[in-house]
J.: 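Take this structure first; my questions come after.
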Protein chains: 2
Amino acid sequence: MQKMNSKNKIFIDKLRSSGLRPTNQRVEISKFLFNRKKTFHFTVEQLKNSMNLKRSKKISTATFYNTVHALKSAGYLKEFSLENNTSYYDTNVTSHHHFFDNGKVIDIKSDKITFQKLPEAPKGKKIKNVEVVIRLENNN
Amino acid sequence: MQKMNSKNKIFIDKLRSSGLRPTNQRVEISKFLFNRKKTFHFTVEQLKNSMNLKRSKKISTATFYNTVHALKSAGYLKEFSLENNTSYYDTNVTSHHHFFDNGKVIDIKSDKITFQKLPEAPKGKKIKNVEVVIRLENNN
DNA sequence: AATTACTTTATAATTATTCTAAAGTATGTG
DNA sequence: CACATACTTTAGAATAATTATAAAGTAATT
């Protein structure tokens, strides 16, 4: 019994267009992810912990995974990986790049990197996107 | 009791300089990884399967993980991740880039990509390396 | 209101990886 | 070259992230 006020419409729409019924749990997840000024990065575990901390009735792990996957497949989240066997998600789905600094991730706006030369895609393929990772280390 | 012929010296040296005694198992892993014309990509599971297939006495999982980690820490292997929570290793440790095509990885020589513009590292940090991933999709 | 379809949940299963502890092998010292 | 010490290997247990399962709940359709 979702109270379908216009305030939530945008979050509900993301769910619907991801093929998900806008249940209470899902709407809360969608709001938590997208109802903010700045984009951010998270793991499912982090998302679950920060949302469930404030809740008396916890949302289950499976619901977090299902919802995040559907949102990702629909293009509302972008997945990336570091070298620790964990999936990270980014609410910034526009093409952009990253600094990786010992497990910390910092966005780089797309226009901060431009190419002089790029290879062509192999035959029968085309380029979906180009992502740059700049690994940092301490300056000493 | 390693038979220390000059044929294996290069593989043994990689182990030694990774802080590992050149035991039989390790020398075989080192040879399997580095005794080839072309560099290649692998997961520990793939490495284990392909090496153990031909062996009567199997090398244990832990030995594969230990050896790969030491070689990686010493800089003889490069680690990278796809979106499937598995670590991949690359015997090509020179700076280079990748095509990712549905889980398949293809090397791109470093000189095939050049930059017109790159951001500066945040204060107190410096750039360790820059890696580009070009994601491919089918052309239709 | 009844039927059908989709969700949530707790829990089990799976996968990749790391840990542990016992048994094996090598190295160093005298 | 014997013995003590140190490092290795191994099988199996433990852990972490994720996915699968199946029962109970909720929503949508007739």
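A note on names: the letters A, B, ... follow the listed sequences, proteins ahead of strands, and every chain is numbered from 1. Only a predicted model underlies this, so the values are computations on that prediction, with no experimental measurement involved.
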J.: Let's see if you can work this out: which of C:dT17, D:dT10, D:dT18 has an atom nearest to the side-chain heavy atoms of B:Gln25?
T.: D:dT10
J.: From the set C:dA16, D:dT10, C:dT9, return the single nucleotide nearest to any side-chain atom of B:Ala62.
T.: D:dT10
J.: Regarding B:Lys14 and the six-membered ring of B:Phe34, is the cationic atom NZ or CZ under 6.0 Å from the ring centre and inside 45° of its axis?
T.: yes
J.: Of all the choices, C:dT17, D:dA20, C:dT18, which nucleotide is nearest to the side chain of B:His69 once you look at every atom?
T.: C:dT18
J.: From C:dT18, D:dT18, C:dT9, pick the nucleotide closest to the side chain of B:Tyr65?
T.: C:dT18
J.: Classify the nucleic acid contact of B:Thr43 as base, sugar-phosphate or nothing, counting any heavy atom under 4.0 Å across all strands shown.
T.: nothing
J.: For B:Glu28, is there an ion pair with B:Lys31 - N to carboxylate O distance below 4.0 angstrom?
T.: no
J.: Under 4.0 Å from OP1 or OP2 of D:dT10: is there any side-chain N or O of B:Lys57 that close?
T.: yes
J.: In terms of side-chain heavy atoms of B:Arg21, which of D:dT10, C:dT18, D:dA6 is nearest?
T.: D:dA6
J.: Keeping the roles fixed (side chain from A:Lys58, backbone from A:Lys48), state whether a donor-acceptor pair exists under 3.5 Å.
T.: no
J.: What does A:Thr63 touch in the nucleic acid at a heavy-atom separation under 4.0 angstrom: a base, only the sugar-phosphate, or nothing?
T.: base
J.: By nearest atom, which of the nucleotides C:dT17, C:dC19, D:dA20 is closest to the B:Thr61 side chain?
T.: C:dT17
J.: Within the 4.0 Å heavy-atom criterion, would you say A:Lys48 contacts the bases, only the backbone, or no part of the nucleic acid?
T.: nothing
J.: Give a yes/no on whether any side-chain N or O of B:Asn85 is located under 4.0 angstrom from OP1 or OP2 of D:dA17.
T.: no
J.: Could you check which of D:dA11, D:dT8, D:dA17 has an atom nearest any side-chain atom of B:Arg26?
T.: D:dT8
